Amino acid sequence: MKKVHNTACPRNCYSTCSFKVWTDDGKVVNIDPQPLNKATPEGICLKGLSYVERVNSPRRILHPLKKVNGEFQRITWDEALNEISEKLQYFKEKFSPQSILFYYASGMSGLLNSVSTNFWKMFGGATTVYGNLCWPAGLEATRLTLGENKHNVPWDVENAKLILVWGKNPAESNIQQMIPIEKAQHNGAKLIFVDPRRTLSTERADLLIQPKPGTDGILALAIAKILIENNWIDKSFIDKYVLGFTEFKESVLKINIDEASKECGVSVEFIKELAQTIGTTKPMTLIPGYGMQRYTNGGQTTRCLLALSVITGNIGKPGACWHYADLQGDIFSEIKEPLSYFPPEKPDGIFRREIATARLGEDMLHLKDPELKMAWVERGNPLSQNPDSNRIKEAFRKLEFRVVVEQFMTDTAREADIVLPAKTMFEQSDVISSYWNPYVQLRQKVIEPIGEVKPETEIYYLLAKKLGFSDKEIEQNIPEPNDESIEKWLTNILKPWSEITLKKLKDGPVLSPVLQEIAFSDYKFNTPSGKIELLSETAYKKWGVNPLPSYEKTVERDQKRYPFNLMSPNTKNRIHSQFGNLESIKLIDPEPLATINLGDATKKDIQDNDFIRVFNDRGELTIKVKIDASLRPGNIVIVNGYWHEEGACPNSLSKGRETDMGHGTAFHDNMVNYEKAD
Ligand SMILES: Nc1nc2c(c(=O)[nH]1)N[C@H]1C(S)=C(S)[C@@H](COP(=O)(O)OP(=O)(O)OC[C@H]3O[C@@H](n4cnc5c(=O)[nH]c(N)nc54)[C@H](O)[C@@H]3O)O[C@H]1N2
Ligand SMILES: Nc1nc2c(c(=O)[nH]1)N[C@H]1C(S)=C(S)[C@@H](COP(=O)(O)OP(=O)(O)OC[C@H]3O[C@@H](n4cnc5c(=O)[nH]c(N)nc54)[C@H](O)[C@@H]3O)O[C@H]1N2
Ligand SMILES: [Mo]
């Protein structure tokens, strides 16, 4: 019998769409939009639709697998868990629990992820990573300046008269955002993009500015100078709410616009036009993406951009907003991701946190006392998605034992000794939030796990039993493996929020109880001074950067041997390394492609559809070429998410480097060369 259920997409994606899922006889058969979510009314993207294939895919891993003589063979759960628990005991006793790496990333959001952490704590600890692959440089820059990360509700964008999208490609990475953007345009708003690439999003722009990668800081400061010189600033807003304007002004007035223009590769005319538009069109919503913060100067760059919103008073009003990340729906973050941003200098004694996510391979190889012997990976695909993947492969191969919990045979799973089959979003309920839409949502269990799949909570429960933990310890840390216990567990976490119950969530998305529709409309800023801090002592003390927003050159640049900047942004039909393996997605996106500039291609006698070898000291790959006259010369683009198995993972070329603040990852600080392949 056909049944329809409310659910929400748990992928690491701005949109976090609500949608409806149809089941028939215990099988997922169809996906429909869910208009109750005001941010995602037209849902869902092609990837969302492909869930029907994904959950039922013949390529899914449905049983525990063990590598024997290089080949994976099916084993029983009992065999798998016996072997794993023996290894865990052995490494713990012989080398200490910290000889085991517990690595997870952003593959599945949900409150139950905290159960994994509970298990490792109960086990006696482990080594884990600090930092994040995604957005922390921008998060930290925003936190230092405004005190917290929140923005106006997504649908408020339609109130803007100027929308400035900087280093974001919403038509691919946040398609639902194009709805209010188009409404605003319909009401006469101007739309400007700043991106070295021309993208699906920029097709709709009134103006596209294409700076050299990693130079947005100087572009923004040059604009700030022109705004100040022409008095296109909001003096009364600055007087009331801003700390450090005098110092900021003094520093930007020293900028030479001609030199700035040369540095960022944007003409003086364009800089002036952009400044005038920003200075004279209100309200402005500035939508910074995560693209321009994936550099070694990413945090400082973000502070420079944010200064434009601040000095023009475009904060705290309808249509006026710094639209970076909204954590207002993330009311559970303490419980959800207790480890991810834990700075390494604050160890809790249980988790050794000496590995930077950004330097996973390098740091794994160098760990001592104890060295790493085993790794457990879940919800992540580090061999594709973390930088410098050749080093990561080396580090994994040096271990004695590897367990990967996965849905598919990814690059990381391929390296495992034992692969355990992972659930999909349809096979266990959980509560999720978003970093863009302000709802709390229920990702509902709608089918029984297929094959022998078990959710992580159950895997840990069984392992804890095998390891001989007492019933009491287990009860405190891990829910019993049945639906009632899971619901009880979630109900308990929801308790402090009387507005949110599981029952309500089953009917559809619930707005965050702490939601401020227009962020900062109370002009309260949770910074040390209580003001917006253009001048931030904390920035200097914590990260050693200039206390003012400043332009710092990226680390990797101006190299004769490797003259091309490789950008590896996100792409429409994948979420990182996910979805690309599905037949329905392959129909549209059949093979890896590198985009290069027409002039650059002509110089090297490269034609469309030729293969090129892209290389630097860290690695190389061979990939088909798409020539694009609109890409800024000197750049090459390979979107991230291609598997090594496809031969085109851009992270074989990227270096493991942290951003200037927030322990982020400087993926795009990545110079390469290329030549026509034979
Ligand atoms: N379809 C899809 N959607 C996704 C994801 C996905 O993988 N696929 N991933 C989700 C996640 S986890 C994230 S973090 C977000 C990220 O999504 P976005 O915020 O859109 O970030 P990116 O795709 O990294 O980069 C955005 C743009 O920045 C540009 N860029 C690169 N370097 C520079 C620079 O130096 N200056 C400027 N001005 N621009 C630059 C790139 O060309 C790119 O077009 O998307 C989320 N949504
Ligand atoms: N070069 C380059 N690299 C990048 C980026 C870039 O811009 N350039 N962007 C970075 C960014 S923004 C991000 S967020 C990261 C993402 O990095 P990851 O989070 O490592 O990437 P995903 O490819 O989403 O891998 C998630 C894996 O989890 C699995 N999975 C899904 N659900 C479950 C589950 O319930 N349980 C288990 N055990 N597994 C599950 C999926 O099958 C998938 O293989 O990539 C980063 N990598
Ligand atoms: Mo991300």
Side-chain angles (χ1 to χ4, degrees), residues 10-15 45-47 54 103-110 113 116 132-135 138 165-175 193-202 209-216 219 264 287-295 298 301 305 357 377-387 389 404-408 410-413 420-425 427-428 430 435-436 455-456 459 554 565-581 631-632 635 637-641 649-651 653-654 664-665 667-668 670:
R11 299 280 83 79
N12 182 359
C13 171
Y14 291 101
S15 299
C45 67
L46 197 62
K47 302 180 291 297
R54 180 164 170 171
Y103 180 88
Y104 66 90
S106 71
M108 172 71 84
S109 63
N113 289 338
S116 307
N132 186 280
L133 297 170
C134 189
W135 54 341
V165 188
W166 203 313
K168 178 169 177 175
N169 178 13
E172 299 198 49
S173 66
N174 188 186
I175 56 171
F193 278 84
V194 185
D195 195 315
R197 293 193 299 153
R198 194 163 151 176
T199 64
L200 271 184
S201 312
T202 65
I209 304 277
Q210 294 183 276
K212 289 183 198 162
T215 65
D216 304 83
L219 172 60
C264 67
I287 306 179
Y290 305 158
M292 78 288 147
Q293 54 99 57
R294 304 192 202 282
Y295 292 85
T301 297
L305 267 55
T357 306
V377 179
E378 66 184 48
R379 294 174 273 137
N381 187 7
L383 258 97
S384 306
Q385 289 313 114
N386 296 45
S389 37
V404 176
V405 191
E406 247 307 343
Q407 295 172 351
F408 293 99
T410 60
D411 289 330
T412 308
L420 300 176
K423 68 182 184 299
T424 65
M425 61 170 290
E427 292 159 333
Q428 183 177 48
D430 207 341
Y435 48 90
W436 175 74
E456 281 82 349
I459 299 175
T554 48
N565 204 112
L566 171 62
M567 291 185 288
S568 47
N570 294 326
T571 182
K572 193 168 182 197
N573 297 317
R574 296 176 177 235
I575 290 284
H576 305 290
S577 67
Q578 304 186 58
F579 296 100
N581 60 335
L631 175 69
R632 215 197 135 86
N635 292 292
V637 180
I638 304 175
V639 299
N640 78 83
C649 174
N651 283 321
L653 298 154
S654 56
T665 312
F667 286 106
H668 298 328
N670 186 5

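What you see is a predicted model; the values in this text were computed from it and never measured. Read the numbers this way: they start at 1 and go in the same order the structure lists the ligands and their atoms. When a residue number appears, it is its place in the shown sequence, counting from 1.
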Can you name the atoms of ligand 1, numbered from 1 with element, that are less than 4.0 Å from a heavy atom of Gly289? 19 (O)

Within the protein, residues bringing a heavy atom under 4.0 Å of ligand 2, chain by chain: Arg11, Asn12, Arg54, Ala105, Ser106, Gly107, Met108, Leu133, Cys134, Arg294, Glu378, Arg379, Gly380, Asn381, Gln385, Val405, Glu406, Gln407, Thr410, Ala422, Lys423, Glu456, Ser568, Ile575, His576, Ser577, Gln578, Asn640, Asn651, Phe667

Only counting residues at least two apart or in another chain, list the ones meeting side-chain contact (heavy atoms from CB on, under 4.5 Å) with Ile575. Arg11, Cys13, Lys47, Gln578, Phe579

Test ring-ring contact (aromatic ring centres under 6.0 Å, His included) applied to Tyr290 - qualifying residues, sequence neighbours left out: Tyr14, Trp135, Tyr324

Looking at ligand 1, does any of its N/O atoms fall within less than 3.5 Å of an N/O of Lys212? no

Where ligand 1 meets Gly214 - atom numbers and elements under 4.0 angstrom, heavy-atom basis: 34 (C), 35 (O)

At less than 4.0 angstrom from any non-hydrogen atom of Asp216, what atoms of ligand 1 do you find? 34 (C), 35 (O), 36 (N), 37 (C), 38 (N)

Taking 4.0 angstrom as the limit and counting only heavy atoms of Lys572, give me the atoms of ligand 1 inside it, by number and element. 1 (N)

So, applying side-chain contact (heavy atoms from CB on, under 4.5 Å) with Tyr103, which one of Thr357, Thr412, Val404 is it? Thr357

Glu172 N/O to ligand 1 N/O under 3.5 Å: yes

So, for Gly167 and Met292, which heavy atoms are closest and what is the spacing to 0.1 Å? CA-SD, 4.0 Å

Just by distance, no angles: are the side chains of Ser577 and Asn381 close enough, under 3.5 Å, to form a donor-acceptor pair? yes

Nearest heavy-atom contact between Pro650 and Ile638 is CG-O, 3.9 Å

What do you reckon, does Phe193 put a non-hydrogen atom under 4.0 Å from ligand 1? no

How about Pro569 and Glu172: do any of their side-chain heavy atoms sit closer than 4.5 Å? no

Ligand-residue contact atoms, ligand 1 with Trp166, heavy atoms, under 4.0 Å: 38 (N)

Just jot down the ligand 1 atoms closer than 4.0 angstrom to any heavy atom of Tyr295, in number order. 31 (C), 32 (N), 33 (C), 34 (C), 35 (O)

Taking side chain as C-beta onward, heavy atoms only, is Met108 less than 4.5 Å from Glu456? no

What about Tyr435: any of its N or O atoms under 3.5 Å from an N or O on ligand 1? no

By ring-ring contact (aromatic ring centres under 6.0 Å, His included), which residues pair with His576, not counting sequence neighbours? none

Per-atom filter on ligand 1: closer than 4.0 angstrom to a heavy atom of Thr199 are 44 (O)

If we count only N and O atoms by modelled type, under 3.5 Å, do the side chains of Asp411 and Ser384 hold a donor and an acceptor together? yes

